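Only a predicted model underlies this, so the values are computations on that prediction, with no experimental measurement involved. The chains referred to below are lettered A, B, ... by the order of the sequence lines, with proteins before strands, and numbering in each begins at 1.
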Protein chains: 2
Amino acid sequence: MKTYSISEVAKELNLTVYTLRYYDKEGLIPFVERTSNGTRLFKESDINALKVIECLKSTGMPIKEIKTFIDWCSEGDSTLPQRYDMFMERKASVEAQMEELKKTMELIEHKCLYYKTALEAGTEDIHKKEKITIF
Amino acid sequence: MKTYSISEVAKELNLTVYTLRYYDKEGLIPFVERTSNGTRLFKESDINALKVIECLKSTGMPIKEIKTFIDWCSEGDSTLPQRYDMFMERKASVEAQMEELKKTMELIEHKCLYYKTALEAGTEDIHKKEKITIF
DNA sequence: TTAATCCCTATAGTTAACTCTAGGTCAAGT
DNA sequence: ACTTGACCTAGAGTTAACTATAGGGATTAA
């Protein structure tokens, strides 16, 4: 079975070797095997697991909570309910983040317009006259 | 003109007074006036400015960059191009974040399904048989 | 008038998530 | 034989963004 070195995995996932070792130290990747002298050997499935970890991280989940999930995975079928709930919570969280981003986008787009108009007029005063000032 | 105390503003914006004083120290709200003995008096417009600051923060913009923007605002019309460019960049960034979140959501939803099926079957092995394993 | 409750500053401490350094092992190339 | 360049651990350092503490001033309620 093909394996990858830590630096190959780092490159593939746009992480540093420091980060990967840090994840290991924090218990996120206990399944990664080692050679007799301690060198980590990453399997394809380990890289996939890391992709899930990165996905969870991108939802804003802290590393400690991700570790809890990894621990559940190691414990087997008895933790299926917890893991299901966790992903449902993540889903709700991502939905909320999308809503937030939408609102943010509205304000940002408003400001883009605000500054476009001001730039064309050469002065911000145009908005004071028009009473559309926000800032 | 009506003014607000730091704790009123904190409550309104779901921040702490610590955070507001920290923002002040970092130069994000140089326009907030003071009484003779140093107590901050927030105007309605200051609260609106803080809402814009929170919006920028929610796009992932670091406080130092927000300060740069605030400085530009103080400098007047000569910095309109920079400010316009900044908001256009923010817009692009938020668009990218939305794309990212969408991809994240796909994986999360996939895992929700994965665990729903496993939960119904009582075991994760169902996926090993069906070869839909991801993790 | 005194106690509570707000406000202030300066500065120290915290937390998360890295990021780096020192010191060492091991395999491959010259 | 020796240098280069991967890899390793333990532990120190960094950064951002708070968060809290100590010590003090002003206003208000009893």
Side-chain angles (χ1 to χ4, degrees), chain A residues 2-43 46-47 50-70 90 93 97 100 104, chain B residues 2-43 46-47 50-70 90 93 97 100 104:
Chain A
K2 177 136 201 254
T3 59
Y4 304 83
S5 73
I6 194 165
S7 59
E8 285 171 327
V9 175
K11 193 174 227 175
E12 163 93 9
L13 299 178
N14 273 307
L15 298 170
T16 66
V17 293
Y18 299 137
T19 304
L20 285 170
R21 289 203 266 252
Y22 166 68
Y23 285 178
D24 201 0
K25 195 160 30 173
E26 293 301 308
L28 299 194
I29 48 174
F31 37 75
V32 173
E33 288 172 19
R34 308 277 190 127
T35 64
S36 52
N37 65 53
T39 299
R40 276 168 273 247
L41 292 178
F42 291 79
K43 300 184 291 296
D46 297 341
I47 295 176
L50 275 162
K51 282 178 185 166
V52 174
I53 288 168
E54 287 306 291
C55 171
L56 290 173
K57 245 172 37 81
S58 78
T59 72
M61 198 171 184
I63 276 168
K64 276 185 188 167
E65 277 178 48
I66 300 177
K67 185 195 168 1
T68 302
F69 166 67
I70 300 294
R90 280 302 95 198
S93 164
Q97 285 173 53
E100 261 303 294
T104 298
Chain B
K2 179 137 199 250
T3 60
Y4 304 85
S5 73
I6 194 166
S7 59
E8 285 171 326
V9 175
K11 191 173 228 175
E12 163 93 9
L13 300 178
N14 273 306
L15 299 170
T16 65
V17 293
Y18 299 138
T19 304
L20 284 170
R21 290 203 267 253
Y22 167 68
Y23 286 179
D24 200 1
K25 194 160 33 173
E26 293 300 308
L28 299 194
I29 46 173
F31 37 75
V32 172
E33 286 172 19
R34 307 277 190 126
T35 64
S36 53
N37 65 54
T39 299
R40 275 167 273 248
L41 293 177
F42 291 78
K43 299 183 293 296
D46 297 340
I47 295 176
L50 274 162
K51 283 178 185 165
V52 174
I53 287 168
E54 286 306 290
C55 171
L56 290 173
K57 245 171 38 79
S58 77
T59 72
M61 198 171 183
I63 278 169
K64 277 185 188 168
E65 276 178 49
I66 299 178
K67 185 195 169 355
T68 302
F69 165 67
I70 299 293
R90 281 302 96 198
S93 164
Q97 286 173 54
E100 261 305 295
T104 297

Does [X] have a side-chain nitrogen or oxygen under 4.0 Å from the phosphate oxygens OP1 or OP2 of [N]?
X        : N       : answer
Thr16(A) : dC18(C) : no
Lys67(B) : dA16(D) : no
Arg21(A) : dC8(D)  : yes
Ser5(B)  : dC7(C)  : yes
Arg40(B) : dC7(C)  : no
Ser7(A)  : dC7(D)  : yes
Lys57(B) : dC18(D) : yes

Which whole-number value in Å describes the distance from [X] [atom1] to [N] [atom2]?
X        : N       : atom1 : atom2 : value
Glu26(B) : dC18(D) : CD    : P     : 10 Å
Asp24(A) : dT9(D)  : CG    : C1'   : 11 Å
Ile66(B) : dA17(D) : CD1   : P     : 8 Å
Lys11(A) : dC7(D)  : NZ    : P     : 11 Å
Glu33(B) : dC7(C)  : CD    : P     : 18 Å
Met61(B) : dA17(D) : CE    : C1'   : 16 Å
Leu20(B) : dA20(D) : CG    : P     : 14 Å
Asn14(B) : dT19(D) : CG    : P     : 13 Å

Looking at every heavy atom in both [X] and [Y], which two are closest together, and how far apart are they?
X        : Y        : value
Val9(B)  : Leu20(B) : CG1-CD1, 3.9 Å
Ala10(B) : Thr16(B) : CB-C, 3.8 Å
Glu54(B) : Leu15(B) : OE1-CD2, 3.7 Å

Notebook entry, point to check: What does Thr35(A) touch in the nucleic acid at a heavy-atom separation under 4.0 angstrom: a base, only the sugar-phosphate, or nothing?
Noted result: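 No contact.
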Between [options], which nucleotide gets closest to the side-chain atoms of [X]?
X        : options                   : answer
Tyr22(B) : dC18(D), dA16(D), dT11(C) : dC18(D)
Lys25(B) : dT11(C), dT19(D), dG11(D) : dT11(C)
Thr39(A) : dT19(D), dC18(C), dC7(D)  : dC7(D)

Donor-acceptor pair, [X] side chain versus [Y] backbone, under 3.5 Å?
X        : Y        : answer
Glu65(A) : Pro62(A) : no
Arg90(B) : Thr59(B) : yes
Glu26(A) : Lys67(A) : no

Notebook entry, point to check: Under 4.5 Å between any side-chain heavy atoms of Ile53(B) and Leu50(B), yes or no?
Noted result: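 They are in contact (side-chain heavy atoms under 4.5 Å apart), so the answer is yes.
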Notebook entry, point to check: Do Tyr23(A) and Lys57(A) touch side chain to side chain, with heavy atoms closer than 4.5 Å?
Noted result: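 Tyr23(A) reaches Lys57(A) side chain to side chain.
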Next item on the list: Output yes when Lys43(B) and Asp46(B) qualify as a salt bridge under the 4.0 Å nitrogen-oxygen rule, no when they do not.
Entry: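 Asp46(B) and Lys43(B): salt-bridged.
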Next item on the list: Please determine, by modelled atom types, if Gln97(B) and Ser93(B) share a side-chain donor-acceptor pair under 3.5 angstrom.
Entry: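 On atom types as modelled, these side chains qualify, holding a pair under 3.5 Å.
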Notebook entry, point to check: Base, backbone or nothing for each nucleotide of nucleotides 21-28 of chain C, written B, S, -, heavy atoms under 4.0 angstrom, 5' to 3'?
Noted result: B-------
Next item on the list: On DNA chain D, check which nucleotide each of Arg34(A) and Pro62(B) is closest to and give me the residue with the more 5' one.
Entry: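 Final value for this comparison: Arg34(A).
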Checklist line | Axial bend angle, the helix from dT1(C)-dA30(D) to dT30(C)-dA1(D): five-pair end segments, nearest 10° | finding: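 End axes: 10° apart.
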